[in-house]
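Everything on this sheet refers to the single structure shown next.
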Amino acid sequence: MKKSILLILALVCAIAQGAWAQGQFGDLPKTVSASDVEVTEVRYLLFMSHDSLVVNTETGVIDTLHINDGQKILTEEEYHQLATRPAMARRRIADVTPNTEEYGGFTSEGYQYFGSYAKLYSYKYPSIDANGEKVVLSALMGVPTKIFADAVPAKPENVVIGCHETITSNYECPTNYNHGGSAQSGNGMLLEFCRYDAGRQPCCLVILADYEGYGCTANRPHPYLYQELTARQVVDAVRYGLALYNTNIGTSNTDFARFESDDWKSVCIGFSQGGSVALATHKFIETNNLSDELHFAGSVCGDGPYDPIAHLRYYMEDEGRTYHIKDGVEKKTTHVPGTVSMPIVMPLILKGMCDSNPLMRQHSLTEYLSDRFFATSSTFMLESKSQPNKEDQYSTERVNEVYRACRNNNAANWTGKVHNPYGEDIQVGGSFTDMKAMLFKDDGDNVWGKMEYMLTREAYNYFNTKSNFEDEYGNRITPTGRGTMEDLHRALESNNLTVGWTPSHRIAFYHSTYDTVVPYANLLSFIKNQPSLTYYTTSARCLVAGVNPTSASKAEASVFIYDNPAANDHVAAGKDFFFFGSSMVIAGITPDYWLFKWVLTGDN
C-alpha cells in the first residue's frame with residue numbers, strides 16, 4: 001500500500017513539473033554486462049536485389065538503380081549451405097544455367113542479383129516493469145554480416161533503435177519475425193537497415209525490442225502508451241544488445257565485424273505507436289544522460305500519438321480538417337466529430353492505462369467502455385495474444401474482420417456470432433441494433449466506431465466537454481482532484497511527449513494530415529509546445545493550422561517536418577513511410593531512410 005502511494009505521488013509530481021519521475025522505476029544501472037543476456041535463437045536474414053538500368057530523358061545519362069527483391073530467413077545450416085555456393089553478385093543469370101537449388105530459390109532469368117546477410121539474435125535481457133519490479137524481456141538484434149559477393153564481413157556504421165508499430169498478436173512481435181514475419185511489416189522494413197549494398201549506405205546494427213506483453217512476456221498485459229516505461233525497457237534492450245554485440249558471442253571473425261571506429265551514432269526510428277516510442281526513447285536517453293554512452297544522434301518519428309489528450313479530443317471535435325489548401329479550398333477527410341476510424345484504439349489505450357499507470361490501478365475498463373462495446377469481444381481478442389498458436393491470436397486486421405462482420409450482418413440472420421475466416425466463429429453477443437448503431441462503414445471497406453456508443457455515458461460526456469480540457473482563454477488545463485475521469489485525464493497527460501523537456505538532438509517527423517487514426521494534432525501539439533526549436537518543413541500545412549514555428553534551413557534546423565503529400569490515412573501512410581507501398585523498393589530513397597540520413601548529417 002505504501003509503495004502504491006509513493007508511485008502515485010511520484011507520478012503526480014511528474015505531471016505537475018512536466019517531467020518524468022524516473023525514480024519510480026529505480027536507478028538505471030551504470031553499466032550492463034553481456035553475462036546477463038541469454039541468446040535464445042540465431043537465424044540469418046538474406047537480402048536480395050537486382051540492378052535496373054534507367055535513362056534520364058533530359059540528359060540521356062544512363063544510371064543503375066538497385067531494386068530490393070525482398071528477404072528470406074535462413075537457419076544456420078541453410079546459411080552455411082548457401083554461403084558455399086557460387087556468388088550471384090553482378091552475374092547475369094542468363095549467362096549461367098539457371099539452377100534454383102544452386103541459388104537458394106532466388107534465380108530469375110535475365111536479372112543480375114546480388115545480396116548480403118544479417119545475423120539475427122533473439123535474446124532475453126533484464127529490465128523493470130510498471131511496479132518497479134525486475135522483469136525479463138526479449139528483443140531481436142540484426143547484425144550485418146557477410147556481403148554475399150565477396151564473402152567478407154560487412155561493417156555496421158551506426159545503430160538503429162527500431163520501435164515497432166501497434167500490434168495485437170504476439171506472432172507480429174520482433175522476435176517472432178524469424179518464424180513467418182512479413183518483409184513488408186514494420187519489423188521487416190526496420191531490418192532493411194542491416195542491408196549492405198551500394199544503394200543502402202550506411203548499413204546498421206538494428207535492435208528491436210519486444211514491448212512488454214509480447215515475446216517472452218506474452219502472458220503479461222501490454223502497457224500501451226505508457227511512454228516512460230516502454231522507453232526505459234527499449235533503452236535496456238539497446239544497452240544489453242550492445243553488450244552482447246561487443247562480446248562477439250556466437251560468431252567468428254570470418255563473418256562478423258565490429259564498428260571500425262568509435263564515431264558510430266544511434267538513431268530511434270518508428271511509425272505509429274513506434275513513432276511515439278521513438279520520441280519517448282529520445283526523451284528518456286536525453287533526460288537520463290545516456291546520449292554519450294549511446295552515441296545518440298536523434299530520432300525519426302512517423303505518425304505517432306505524442307499527445308494522448310489532443311489525440312482523443314480530435315476524435316470528438318474534428319470535422320475532416322487536413323490543413324491542405326488547393327485552389328483555395330481545404331481538402332477533407334471522411335472523419336466526423338465523435339468517431340474513431342480504428343475502434344480497437346480505444347480499448348488499447350484504456351486497457352494500457354488501467355493495467356499499468358499508477359493513477360489507474362484502482363480503476364477498470366468497465367468504468368470507461370460500454371457494455372455494447374464489450375459485446376464485440378474486443379478485450380477477448382486483445383488478451384488472445386498470449387495463446388501459443390498463431391491461428392488463435394488476433395492481429396489488428398483480424399480484429400477489423402470481426403468488426404466488419406458485426407457491421408455487415410443483417411437483422412434476419414443475426415445470432416450474436418460473427419464469421420471468423422481464420423477459425424471458429426466469434427461469439428460477440430449484443431444485439432443487431434446495438435452493433436449497427438456503434439459500428440459503421442466509410443467510403444471504403446473500413447469500419448468506424450461511434451464514441452457515444454463505445455464509451456460509458458460518463459466517459460463520453462467528459463471527453464465531449466471542452467471546458468474539461470481548456471479554460472476560457474484556450475489554455476490547456478489538467479484536473480487536480482481525483483475521480484474516475486480525472487484520474488484517466490491525468491494518466492493520459494502524464495504520457496504527453498510534447499512537454500517537460502527541450503530536445504537537444506535532431507528529430508525528423510513524418511506525418512500525414514489525412515491520418516484519422518493518429519491525427520496531425522499530435523505533431524501540431526509538439527510544434528506549439530517546443531517554440532525554442534528551429535524547424536524545416538516540406539509544406540505550409542502547420543502554418544495553415546495557425547502554428548508558426550521558427551524556420552531554418554534543412555542543414556541548420558533542429559526539427560525536420562515531412563508532410564506526406566499523398567492523401568493517405570494511417571496504414572497507407574505507414575507503407576509510404578517505409579517503402580512507398582511496394583515490395584519492389586528502389587534502395588535508399590524511402591522516407592524513413594532519407595530522414596535517418598538527415599538526422600545523421602543534416603542532409604539527405
Side-chain angles (χ1 to χ4, degrees), residues 164-169 172 185-186 222 224-225 270-277 302-308 310-318 320 322 333-353 365 368-370 372-374 376-382 384-385 393-408 418 428 435 438-455 459-460 463 492 511-522 564 567-577:
H164 69 75
E165 68 274 21
T166 295
I167 58 175
T168 54
S169 61
E172 298 172 285
S185 66
H222 170 49
Y224 191 71
L225 296 193
F271 182 83
S272 189
Q273 182 188 4
S276 68
V277 172
D303 281 31
Y306 318 117
D307 183 344
H311 186 114
L312 293 177
R313 288 290 296 150
Y314 163 92
Y315 292 153
M316 288 298 187
E317 292 186 327
D318 179 75
T322 65
T333 71
T334 55
H335 190 270
V336 296
T339 65
V340 54
S341 57
M342 186 178 285
I344 196 62
V345 165
M346 293 310 300
L348 274 170
I349 294 175
L350 295 170
K351 190 175 187 302
M353 294 297 105
L365 275 179
Y368 306 101
L369 293 177
S370 69
R372 69 177 70 188
F373 193 61
F374 275 112
T376 63
S377 291
S378 295
T379 52
F380 161 78
M381 290 185 283
L382 291 179
S384 294
K385 68 181 177 61
Q393 299 175 33
Y394 288 82
S395 66
T396 53
E397 179 51 35
R398 287 187 67 177
V399 172
N400 287 334
E401 289 276 1
V402 173
Y403 291 154
R404 275 192 284 270
C406 288
R407 181 206 66 202
N408 291 339
V418 296
V428 298
M435 294 302 164
M438 183 171 57
L439 302 171
F440 66 98
K441 184 176 181 292
D442 68 2
D443 294 338
D445 192 35
N446 300 310
V447 181
W448 291 55
K450 292 184 180 178
M451 301 278 278
E452 181 179 3
Y453 302 116
M454 294 170 61
L455 299 177
Y460 177 78
F463 280 113
L492 292 168
H511 218 107
S512 171
T513 53
Y514 294 88
D515 194 330
T516 63
V517 179
V518 183
Y520 195 61
N522 286 280
N564 181 10
N568 285 335
D569 209 333
H570 192 67
V571 173
K575 292 181 178 180
D576 281 0
F577 176 72

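As the structure is a computational prediction, the values presented were derived from the model and not from experiment.
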Report the distance from atom [atom1] of [X] to atom [atom2] of [Y], rounding to the nearest 0.5 Å.
X	Y	atom1	atom2	result
Leu365	Leu350	CG	CG	6.5 Å
Asn522	Asp515	CG	CG	8.5 Å
Leu492	His311	CG	NE2	10.0 Å
Ser395	Ile344	OG	CD1	11.0 Å
Leu455	Leu369	CG	CG	6.5 Å
Tyr520	Asp318	OH	CG	13.5 Å

**Message:** Can you see whether Thr166 engages Tyr224 through a side-chain donor-acceptor pair at a distance of less than 3.5 angstrom?
**Reply:**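 Their side chains do contain a donor-acceptor pair, which is all the 3.5 Å distance test asks for.
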**Message:** Testing the 3.5 Å rule here: is there a donor-acceptor pair between the side chains of Tyr403 and Ser378?
**Reply:**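 Ser378 and Tyr403 do have a side-chain donor-acceptor pair below 3.5 Å.
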Test your reading of the model: is there a side-chain donor-acceptor pair from [X] to the backbone of [Y], 3.5 Å cut-off?
X	Y	answer
Arg404	Val447	no
Tyr514	Ser512	no
His511	Val518	yes
Ser370	Met454	yes

**Complete:** Of Asp569, Thr334, Thr333, Thr339, the one forming a side chain to side chain donor-acceptor pair (under 3.5 Å) with Thr516 is Asp569
**Asked** Would a line drawn from the ring center of His570 to the ring center of Phe577 be shorter than 6.0 Å?
**Response**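 No; Phe577 has its ring centre 6.0 Å or more from that of His570.
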**Item:** Close side-chain approach of Met435 to Thr376, heavy-atom, < 4.5 Å
**Value:**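 Counting from C-beta outward, Met435 and Thr376 do come under 4.5 Å.
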**Message:** I'd like to check Met451 versus Phe463 (side-chain heavy atoms, cut-off strictly below 4.5 Å). Are they in contact?
**Reply:** no
Indicate the atoms forming the closest heavy-atom contact of [X] with [Y], along with that distance.
X	Y	answer
Leu382	Pro347	CD1-CB, 4.1 Å
Gly449	Pro343	N-CG, 3.7 Å
Tyr306	Gly275	CE2-O, 3.6 Å
Met381	Val402	SD-CG2, 3.6 Å

**Item:** Test log, rule salt bridge (charged side-chain N to carboxylate O under 4.0 Å, His left out), inputs Lys385 and Glu172
**Value:** CA-CA 10 Å; Lys385 68 181 177 61; Glu172 298 172 285; over 6 Å; no
**Message:** Applying side-chain contact (heavy atoms from CB on, under 4.5 Å) to Leu312 and Ile349, what does each step give before you reach the verdict?
**Reply:** CA-CA 10 Å; Leu312 293 177; Ile349 294 175; 4.2 Å; yes
**Message:** Which label fits His335 and Trp448: parallel for a plane angle under 30°, tilted from 30 to 60°, or perpendicular past 60°?
**Reply:**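 Ring orientation, 0 to 90° scale: tilted.
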**Item:** Residues which pass side-chain contact (heavy atoms from CB on, under 4.5 Å) with Phe380, listed by chain and number, not counting sequence neighbours
**Value:**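 Partners of Phe380 under the side-chain contact (heavy atoms from CB on, under 4.5 Å) test: Ser377, Ser384, Tyr394.
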